[in-house]
Amino acid sequence: MSDMNKPKRKAEHVQTLIAGEWRDASGSMYSTEYPFDGSVIAILHAATVNDVNEAVAAAEAARLQPTWANLMPHQRAAFLHKIAAGIRARSEELAQLQMLDNGKPITECRGLVASAAGTFQYFAAVCETFEDAVTPQRGEFMSISMHEPLGVVGAITPWNSPIASEAQKLAPALAAGCAVVIKPAEITPRLAIELARIIDNAGVGMGAGGADIPKALVSVLPGKGSVVGDALVRHPLIKRIAFTGGTLVGKGIATLAAEKLMPVSLELGGKSPTIVCADADLGHAVAGVLYGIFSSSGESCIAGSRCFVHTSLYDEFKTRLVAGAKALRVGDPNSERTQMGPLISSLHRAGIERYVAMGLKEGGKLLCGGTRPQGLSDKATSQGYFYEPTIFEGLANTAQMCREEIFGPVLALIPYSDDADLIAQCNDNEYGLASGIWTKDYQHALKLGKALQTGTVWINTYKVFSIATAFGGIKNSGMGREKGYASIMEYMTQKSLYWGLNERPNPWSAS
Ligand code: NAD
């Protein structure tokens with residue numbers, strides 16, 4: 001769409017928090033769009049390598065300031081609780097902003113905001129209860145294993161669930177006592193900036209001795225990954241990178257990190273299999289598979305994009321699934337009724353269209369979708385980046401469309417009849433993020449679940465999360481874990497203290 005034809009919406013000039021100052025970043029100006037109608041919603045400046053250097057140096061100084069460094073864990077926990085309260089106090093506004101930023105339905109955005117608040121609340125509890133250890137005595141000494149914050153950490157996030165991704169990195173990092181520089185996706189920077197504002201406000205009076213927590217503890221640097229993200233990864237004072245994004249970029253970051261001997265966590269792509277067994281409850285399975293692939297318009301790392309269905313119920317399942325997909329309400333993200341909003345951008349939609357064309361070329365048959373919607377529910381306009389829920393059959397698991405991550409509302413249905421062959425097909429993929437099983441037989445579910453090479457297995461449910469449960473992938477879906485009690489340790493380094501108890505000098509050197 002040419003700029004002249006774009007709907008007029010009042011674009012906001014957005015500043016960010018860099019090195020303790022609310023200001024424009026120092027690079028060139030750019031704008032972000034509401035994917036529903038392509039209107040410009042924010043005008044901001046991209047960060048530069050200089051901004052990275054400033055933010056990291058200020059973060060290092062901030063984390064060493066006694067007002068932060070001397071806080072006891074329970075005091076850091078109080079700060080995190082205040083951040084959670086700050087998110088909740090603005091929850092509807094943040095959900096609206098998240099919706100404008102990436103076009104997800106408002107109901108989903110409310111869930112993301114609630115989960116971000118819950119993440120800070122959870123890590124406040126972790127922070128307050130995390131224990132160093134006095135290890136068993138093995139000589140004339142006492143040994144203590146203690147934990148210290150790693151330093152300044154970098155958080156690099158994608159566009160698909162910004163506030164949740166950012167909270168999952170910020171909360172454990174702050175709980176551990178680190179400072180954080182965030183590089184949000186260029187096209188969805190708003191929620192990281194708002195989180196920084198909430199953290200900045202929450203810091204008033206919460207530092208040691210009632211001082212303010214240093215403003216430079218958290219910076220947000222919007223802009224290009226190849227410039228800002230790259231400079232962040234390479235910076236010598238950055239002691240860890242928490243990355244969520246594509247596998248190729250993640251591998252590049254891992255290579256740079258190896259040179260610095262820097263720990264990284266990589267939450268990467270997926271091509272998740274869902275299995276519908278012969279004894280599955282069809283109603284549950286149909287609803288779960290629809291949700292697993294088409295919620296978030298399929299723009300989800302855990303989207304269940306390969307569905308293996310037992311031949312004994314394949315036809316009935318297919319009929320019900322396709323009817324369900326056709327009935328999904330695609331439309332205005334701001335309507336409570338909408339189940340699928342637009343895709344993130346016209347560029348991303350073009351990529352999905354290429355995959356669908358490839359699927360057809362590879363011999364796949366379209367059961368529904370495969371096109372932009374003709375009529376939309378509610379008041380959605382044809383200017384949004386919409387795409388219909390799309391289901392293919394007739395593709396082998398080895399087809400390119402079944403091997404690669406599409407990151408859109410495209411599902412491949414694949415019949416199976418034998419468990420050993422099923423497991424081999426499910427695992428025959430470079431990714432290993434998540435999988436789903438629909439069966440009434442729990443022993444069978446456990447057997448399949450153990451055989452699936454994925455970081456998460458959902459049984460008779462899909463895409464449900466607990467902040468208390470670790471999340472992450474294996475194979476090309478990444479390494480390291482977010483969420484869960486132990487994830488605070490990803491932001492800490494262990495130090496061992498030995499206290500000599502011997503009342504006599506060391507006999508080796510005693511004369
Ligand atoms: P992306 O890899 O293109 O970008 C992710 C982030 O990395 C962005 O902030 C980007 O600017 C930055 N980046 C790009 N190049 C960089 C570089 N050279 N150095 C440092 N940073 C760089 O991914 P995307 O398109 O924004 O997101 C979609 C991908 O994210 C999908 O593959 C999806 O599966 C994955 N994802 C994974 C999870 C998970 O938890 N496993 C969650 C959400 C999304």
Side-chain angles (χ1 to χ4, degrees), residues 27 30 32 46-47 49 52 101-102 104 112 115 154-169 181-193 220-235 238 241-257 262 264-272 293 295-305 343-345 347-349 351-352 355 404-408 429-434 454-456 463 465 467 469-484 487:
Y30 76 100
T32 64
V49 175
V52 173
D101 220 23
N102 77 350
K104 271 184 195 273
L112 290 177
S115 96
I156 303 180
T157 56
W159 47 260
N160 65 321
S161 298
I163 190 169
S165 279
E166 283 136 17
Q168 273 164 227
K169 296 167 175 59
V181 178
I182 312 175
K183 209 306 275 172
E186 190 182 15
I187 51 177
T188 56
R190 302 292 296 277
L191 275 298
I193 292 172
V220 180
L221 303 175
K224 287 204 179 309
S226 55
V227 178
V228 186
D230 183 70
L232 197 59
V233 175
R234 290 175 191 270
H235 198 292
I238 289 288
I241 289 286
F243 174 79
T244 302
T247 296
L248 210 61
V249 177
K251 284 186 174 180
I253 288 173
T255 305
L256 291 175
M262 170 177 73
V264 285
S265 57
L266 302 171
E267 301 285 354
L268 309 177
K271 190 76 188 177
S272 300
I293 179 65
S295 58
S296 310
S297 301
E299 293 171 326
S300 167
C301 53
I302 48 178
S305 51
L343 298 167
I344 187 73
S345 65
L347 192 70
H348 188 58
R349 180 171 60 182
I352 289 165
Y355 268 112
E404 297 180 7
E405 184 184 46
I406 300 177
F407 219 55
N429 191 274
E430 63 171 289
Y431 295 110
L433 194 56
T454 59
T456 295
K463 227 178 164 183
F465 283 117
I467 183 62
T469 309
F471 176 76
I474 57 172
K475 305 200 283 191
N476 271 354
S477 290
M479 58 189 206
R481 292 292 180 264
E482 289 192 340
K483 304 183 178 182
S487 66

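As the structure lists them, so they are numbered: ligands from 1, and atoms in each ligand from 1. We're numbering straight along the sequence, starting at 1.
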Which residue supplies the protein heavy atom nearest to [atom], what is that atom called, and how far is it?
atom	answer
atom 6 (C) of ligand 1	T157 O, 3.5 Å
atom 32 (O) of ligand 1	E405 OE1, 2.6 Å
atom 23 (O) of ligand 1	G246 N, 3.4 Å
atom 33 (C) of ligand 1	F407 CE1, 3.2 Å
atom 12 (C) of ligand 1	I156 CG2, 3.6 Å
atom 41 (N) of ligand 1	L268 O, 2.7 Å
atom 27 (O) of ligand 1	P158 CB, 3.3 Å
atom 10 (C) of ligand 1	K183 NZ, 3.7 Å

Report the C-alpha separation of S161 and K104 in whole Å, then their side-chain angles, then the decisive distance to 0.1 Å, and conclude whether the side chain to side chain contact (heavy atoms under 4.5 Å, CB included) test is met. CA-CA 9 Å; S161 298; K104 271 184 195 273; 3.5 Å; yes
Which of the numbered atoms in ligand 1 are under 4.0 angstrom from any heavy atom belonging to [X]?
X	answer
T244	5 (C), 36 (N), 37 (C), 38 (C), 39 (C), 40 (O), 42 (C), 43 (C), 44 (C)
F471	40 (O)
V249	2 (O), 13 (N), 14 (C), 15 (N), 16 (C), 17 (C), 22 (C)
I253	20 (C)
N160	43 (C), 44 (C)
D230	19 (N), 20 (C)
G269	32 (O), 34 (O)

Examine K483 relative to F471 and say whether NZ or CZ is less than 6.0 Å from the centre of the six-membered ring and inside a 45° cone about the ring axis. yes
Who's closest to atom 29 (C) of ligand 1 heavy-atom-wise, of G245, G351, S265? G245
Please compare C301, S226, G225, S296 and report which has the shortest non-hydrogen distance to atom 38 (C) of ligand 1. C301
Does a side-chain heavy-atom distance below 4.5 Å link [X] with [Y]?
X	Y	answer
F243	L268	yes
N160	I344	no
I238	V233	no

Output yes when the distance from some N or O of ligand 1 to some N or O of W159 is under 3.5 Å, and no in every other case. yes
For the 3.5 Å polar cut-off, considering only N or O atoms, please tell me whether S477 and ligand 1 meet it. no
[X] (side chain) donor-acceptor with [Y] (main chain) under 3.5 angstrom:
X	Y	result
K169	G154	no
S477	G432	yes
E405	K271	no
Y355	G408	no
R481	G473	yes

Is the number of heavy atoms from other residues, nucleotides or ligands under 6.0 Å of L256 CG greater than 12? yes
Decide whether the shortest distance between a heavy atom of P184 and an atom of ligand 1 is less than 4.0 Å. yes
Taking a cutoff of less than 4.0 Å between a non-hydrogen atom of the residue and any ligand atom, is G473 in contact with ligand 1? no
Are any of the protein's heavy atoms under 4.0 angstrom from atom 4 (O) of ligand 1, yes or no? no
Side chains of N476 and K251 only: does a donor on one sit below 3.5 Å from an acceptor on the other? yes
Between CD1 on residue I182 and CD1 on residue I156, distance to nearest 0.5 Å: 11.5 Å
